[in-house]
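These notes are about the structure you will find just below.
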Amino acid sequence: MTMQPTTAQKLWMYEKMVTSRRFEEAIARIYLEGKQPVFNMANGPIPGEMHLSDGQEPCAVGVCVHLSAEDVVTATHRPHHQAIAKDVDLKRMAAEIFGKQTGLSGGRGGHMHLFDPAVNFACSGIVGQGLGPAVGAALSRKMQGKPGVAVAYIGEGAANQGAFHEALNLASVWKLPVVFVIEDNAWGISVSKMTSTAVPHNHVRADAYAMPGHRVENNDTLAIFAVAGEAIERARAGDGPSLIEIETSRLAGHFMGDAEGYRPNGEKDALVAKDPIPAFRRHILETGEAGEDELLAIEKAASKAVDEAIAFARHSPDPEPADALTGVFIEAKPQGADA
Amino acid sequence: MTMQPTTAQKLWMYEKMVTSRRFEEAIARIYLEGKQPVFNMANGPIPGEMHLSDGQEPCAVGVCVHLSAEDVVTATHRPHHQAIAKDVDLKRMAAEIFGKQTGLSGGRGGHMHLFDPAVNFACSGIVGQGLGPAVGAALSRKMQGKPGVAVAYIGEGAANQGAFHEALNLASVWKLPVVFVIEDNAWGISVSKMTSTAVPHNHVRADAYAMPGHRVENNDTLAIFAVAGEAIERARAGDGPSLIEIETSRLAGHFMGDAEGYRPNGEKDALVAKDPIPAFRRHILETGEAGEDELLAIEKAASKAVDEAIAFARHSPDPEPADALTGVFIEAKPQGADA
Amino acid sequence: MTTEVKENERKLTIARAMAEALSQEMRIDPRVFVMGEDIGALGGVYGNTRGLLEEFGAERVRDTPISETAFVGAAVGAAQDGMRPVVELMFVDFFGVCFDAIYNLMAKNTYFSNGSFRVPMVLMTSTGGGYSDGGQHSQCLYGTFAHLPGMKVVAPSNAYDAKGLMTAALREDNPVVFMYHKGLQGMGWLGTERGATVHVPSDPYEVEIGKAAIAREGSDLTIVSVGIGVHHALRAAEQLEGEGISVEVVDLRSLVPLDREAIRTSVAKTGRLMVVDEDYHSFGMSGEIIATVAEHDPAMLKAPPARVAFPDVPIPFARVMERYCLPDADKIVTAWRTMQLRERT
Amino acid sequence: MTTEVKENERKLTIARAMAEALSQEMRIDPRVFVMGEDIGALGGVYGNTRGLLEEFGAERVRDTPISETAFVGAAVGAAQDGMRPVVELMFVDFFGVCFDAIYNLMAKNTYFSNGSFRVPMVLMTSTGGGYSDGGQHSQCLYGTFAHLPGMKVVAPSNAYDAKGLMTAALREDNPVVFMYHKGLQGMGWLGTERGATVHVPSDPYEVEIGKAAIAREGSDLTIVSVGIGVHHALRAAEQLEGEGISVEVVDLRSLVPLDREAIRTSVAKTGRLMVVDEDYHSFGMSGEIIATVAEHDPAMLKAPPARVAFPDVPIPFARVMERYCLPDADKIVTAWRTMQLRERT
Ligand SMILES: Cc1ncc(C[n+]2csc(CCOP(=O)(O)OP(=O)(O)O)c2C)c(N)n1
Ligand SMILES: Cc1ncc(C[n+]2csc(CCOP(=O)(O)OP(=O)(O)O)c2C)c(N)n1
Ligand SMILES: [Mg+2]
Ligand SMILES: [Mg+2]
């Protein structure tokens, strides 16, 4: 019997997906401020690269719904949906993306370096970079006898990086509570999975590490819920790691400003037509688990949370420029063994 | 029908195996000169680390018998048997191991850096390092429409290195004429395959790259011949890469000076009892493909070749010390496009 | 003759100059090919391979998996087998995933083999910040690459040098690391340093690797820099000229080989040295250049030499913080004033 | 009291001093654990984890697969999760396969997270040549590690410092790279520098990271070095003493933080500076130290500063070639003579 979400879980997932989408829409809008008529990444309230997660929300919520704050997530360069599903502080996250003093890292990190220790969330900018740390966090829990699983998110392009191989082998050899989740949006920037990956699907690679491998097709929130739930339960039970590849869709460009000329004609439209959020909304309505009113209320709440976060970010002060020189090292001595 | 070596091929393999073993015996003996009573790697006619290949000869000859000078081999930190099977100039190889001016690289390389362009042989000291270059050589042949396959040797410990994953995927995606050969001697220095590798055998990992994977048990020269022959034929035919794992045995320590305290009691004796060279010798005698005399002649020739190579090395001059500063860059301009 | 006049005025961005050098060499030398991430249909994230796929096809212009260890290693193997690969590491910041293939194979196999194996390849890689791309996408790492023997390292400040250095690199029998600064590429979306977009002859030509250029002559202060730092230095020089200070700007163009002669000659003339370096302050380029002068003759220095370098901190995201750290013309002028105060009289 | 006398005479090799520091901290701090290749049953190729498996078991003393990217990355993750991992990179030469986890994660996550994530870990790694291990097993790479921000870097020259620096590193909330020179480990099979095997107190103690030591006082020449170079310097100092030259030897002990004050204070006294560095010559430690003095005040230097460093070539295998390149006491004496000739009078 595949695992089924409760109604509460479904509504939680829906809320997080909508929050994530609203957040990306807001970011996309604001990102373009100051970048018109000439698009220059350095300008506007949100400078730098911007990798949006539109379309990939099911991968975030279908997995993270099984996690609590104590569980660990290492996310990618495309981290917003994952952060939101992991309950990262939305205001401070927005402020970090704006490079503000109130940001999660006071502006030192930016959109690819979001860290929230309260919910054990981190992300990073190099492909495959979160895999080792997730394995290490899982090792830490095992050694300390503390609960918690680690989830490492990567894109399908990252599955060809050496770190993937090493991390999966190590996690398996040491039988660690970690789940590897591949968001397969079929593209690594302009390079298609087909031209970069020797196998059609990466879940078969799990065999090389003697761990279960699963593939979820069609960006299906419920199927992700079920497969991830089982993998996480397995990890919690001490039965070791799993690999999950999820077919998902990148509804935005690789980063903002990407003209996506490399996409086959019509591909994007087809993806938009299969947008997972309206689909999940219909599902909820069809099962009668919530009515239109309730969903509207959720959507309103999501918009409000996003608006507040964005307002918080906008109105927060810039960091002190000279503070750039501080924080390379922790200054204080540690408290000793029992700290 | 599995491929069978001709008698000539068998005798070639036997000769190369014996040459390799005699060579290692000579190196082992001379290596200890000047290192007694106190063992100090820096001393003696052959300083530095020394990784002997005793016991692993079948992996070298069973594969290289199918190769000619134009084919490419990238070997490991344990390269002597592979070099000998690839027909590397034995005298200049010995001289390089002694650090002499007449060495393959005039003493710049040493035992882990043997390069012989005449037979397209190279090796290197970092685990997994030869994988990328083998893929690149294969790519070069494919692009130039020139014949030749590339064989990348690694140890089973190297199969957990990221380079393994990346190289196999790339070779498969580009369908290149390359064969990956794992010499599985069950140990990476003191760490057993069992404790380091998530799967019992690495040939199953071929599935992760959509290429054929083969395992040869029991250090069996004839079985290696057959499996390697097919993989190389496949590569030559343009059908892409293969992965082969060969069960073999490390009859020496990881390097000279290794006390091997980590080995289970009796393991070493059992391996010595299964020494592949006497076994292959018996096989040849049993099939009647050669008689005792002929084999003795081969053995004598092998010893002679080794003696001559060692004598050449011993009596060659040291390099000019100051030449250490030359050769970092090729000085001359290239000949242009049609060079 | 009108065409010739146009020709003489032909200004290119560094991105286009690099692509032109590549395509011209690919036309005459079948051994040259390009591989890397997004260098095919996309034309390179920084535009430096634009048009190559269309002209030469997917066999010679190869998009790769995100497998830097494999494809840089493969470039080494192909180079050793007679090809002349050009390989792109999209951001220099990514070197950590594949540096073994770079510094232990590409850089050393020539020496290890005593020249019996040659490794004629070009590793192109983007450097630099200034557009808030965060600490894993904004580094320069000049010192890191220049410190390790066996690879030549070039870093052009303008399109003329970019084409000439690329052509020279493609004709070299040695591995060359070609570091191009994102802020100079002339891709609008990264800002545009106008000074980098200059006249570029359409015929192929070489700029000698290892030779610095005097980007501006002067007699009071030598500023040594590379890449975008040259433009900061030139701007500061303009400003200081108004105050009657004559600044000489040495554009190294190559870090390896390092043109120590050019540095010393200039400092011998001016008596004062400043190094402008977007790479980290310590244990890198700025120290090496100061040492180059000091070990020659400390008495040449009328004032303590100064560095305007990126401080020893990871590169912060926030614009105000990053700007605080990055070298620019103002910081150069300030450093000059400090130098003046410290000059013994 | 006899036991106390014995205690005072207790000489340890660096290998044993490292292992002792590790085991003492592991006893009092359950968060400390060790992982790496061959650090369990074998006790580390260089002996620095000997006895740990027996005392603490395979859960806290973990042999790893040959997967440096994974296990260094895992150390970062474990450190961030409250552990204090010690991870061994068997030879520093191997850094190229896993540097991303080191310099982009271990070194930068504290900054990127503004300190909300801490990365208290120690990366131990062996350095150095002199025993003909060839160009991929003999490097020092001091400059490479010290150049990149976010990691402290220590390199002891003797067992006392080794234990104290290791203990300090294990108690640090920051990542520390602990570079131990193979020639100093006191493993007979690598030769033994006797000066490295010194009295080591049996109780735990810390040596402050970032503080240089004056290994020998003198007034005519300052030699700055680290690790094995300190011993070469001391031997040269002895020799020069016979000629009436008084040499001060500064043992940096730490490269990051760099004790610039100690360097300048010594040179202020002696007026002459030589740097002895087994790492490559250019763009590394030797340049940085010369610049540290020159940028402070070039007039402090009575003679051009000198470097005795490994030339910018891959490390050759042949003994005579490697010796030709490696710093040693003779080369220091020769450099002194040249310095004297070049001194303005
Ligand atoms: C090691 C490394 N190589 C290349 C890059 C540049 N890069 C950033 S994202 C990306 C594509 C990643 O594709 P995928 O893993 O599928 O994730 P997606 O962007 O599709 O979410 C690349 C090549 C990088 N950040 N790190
Ligand atoms: C990247 C890297 N890590 C570690 C080492 C040190 N090392 C040299 S050989 C070796 C064991 C290799 O085991 P395997 O691949 O099985 O080859 P074998 O020695 O058994 O022939 C190790 C760990 C290295 N040379 N390179
Ligand atoms: Mg993708
Ligand atoms: Mg092995």
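Naming: A, B, ... by sequence-line order, numbering from 1 per chain.
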Go through P319(B), A158(B), G106(B) and name the one with the most non-hydrogen pairs under 4.5 angstrom from chain D. P319(B)

Any side-chain heavy-atom pair of V45(D) and S190(B) under 4.5 Å: no

Kindly give the heavy-atom pair with the smallest separation between V97(D) and Q161(B), and that separation in Å. CB-OE1, 3.4 Å

If you define the side chain from C-beta out and look only at heavy atoms, does anything of E320(B) sit under 4.5 Å from M321(D)? no

Between D312(D) and V328(B) the two heavy atoms that sit nearest each other are O-CG2, 4.1 Å

CZ on R319(D) to CD1 on I46(B), rounded to 0.5 Å: 10.5 Å

Residue part contacting chain D, namely of V191(B), when any heavy atom lies under 4.5 Å: both

A side-chain contact here means heavy atoms from C-beta on lying under 4.5 Å apart; do Q136(D) and Q129(B) qualify? yes

To the nearest 0.5 Å, tell me how far H111(B) NE2 sits from S132(D) OG. 12.0 Å

For G99(B) versus A318(D), what's the shortest heavy-atom pair and its separation? O-CB, 3.4 Å

For chain B, which candidate among M187(D), H137(D), E322(D) shows the most heavy-atom pairs at distances under 4.5 Å? H137(D)

Is it the case that over 12 heavy atoms from other parts of the model lie below 6.0 angstrom from the CZ atom of R323(D)? no

If you tally heavy-atom pairs under 4.5 Å against chain B, which of D93(D), L42(D), V313(D), I66(D) wins? I66(D)

If you count heavy-atom pairs under 4.5 Å with chain D, which of F164(B), F329(B), F39(B), Y262(B) comes out on top? F39(B)

Nearest heavy-atom pair of F98(B) and F317(D): which atoms, and what distance? C-CE2, 4.0 Å

For the candidates G188(D), G134(D), P311(D), which exhibits the highest count of non-hydrogen atom pairs separated by less than 4.5 Å from chain B? G188(D)

Point-to-point distance, once rounded to the nearest 0.5 Å, from CZ of F255(B) to CG of D133(D): 9.0 Å

If one checks every heavy atom of A163(B) against chain D at 4.5 Å, the contacting part turns out to be neither

Report which part of M41(B) has an atom under 4.5 Å of a heavy atom belonging to chain D: side chain, backbone, both, or neither. both

Determine whether M90(D) and I189(B) make a side-chain contact, defined as any pair of heavy atoms from C-beta on separated by less than 4.5 Å. yes

Residue S138(D) versus chain B: region with a heavy atom under 4.5 Å: neither

Nearest heavy-atom neighbours spanning A324(B) and P316(D): CB-CG, 4.1 Å

Distance only, no hydrogens: is a donor on one side chain within 3.5 Å (strictly under) of an acceptor on the other, for S67(D) and N160(B)? no

Can you measure from CG (D38(D)) to CH2 (W187(B)) and round to the nearest 0.5 angstrom? 10.0 Å

Is it the side chain or the backbone of S124(B) that comes within 4.5 Å of chain D heavy atoms, both, or neither? both

For R62(D), does the CZ atom have more than 12 heavy-atom neighbours from other residues, nucleotides or ligands under 6.0 Å away? yes

Quick one: CH2 on W189(D) to CG on N43(B), what's the gap to the nearest 0.5 Å? 13.5 Å

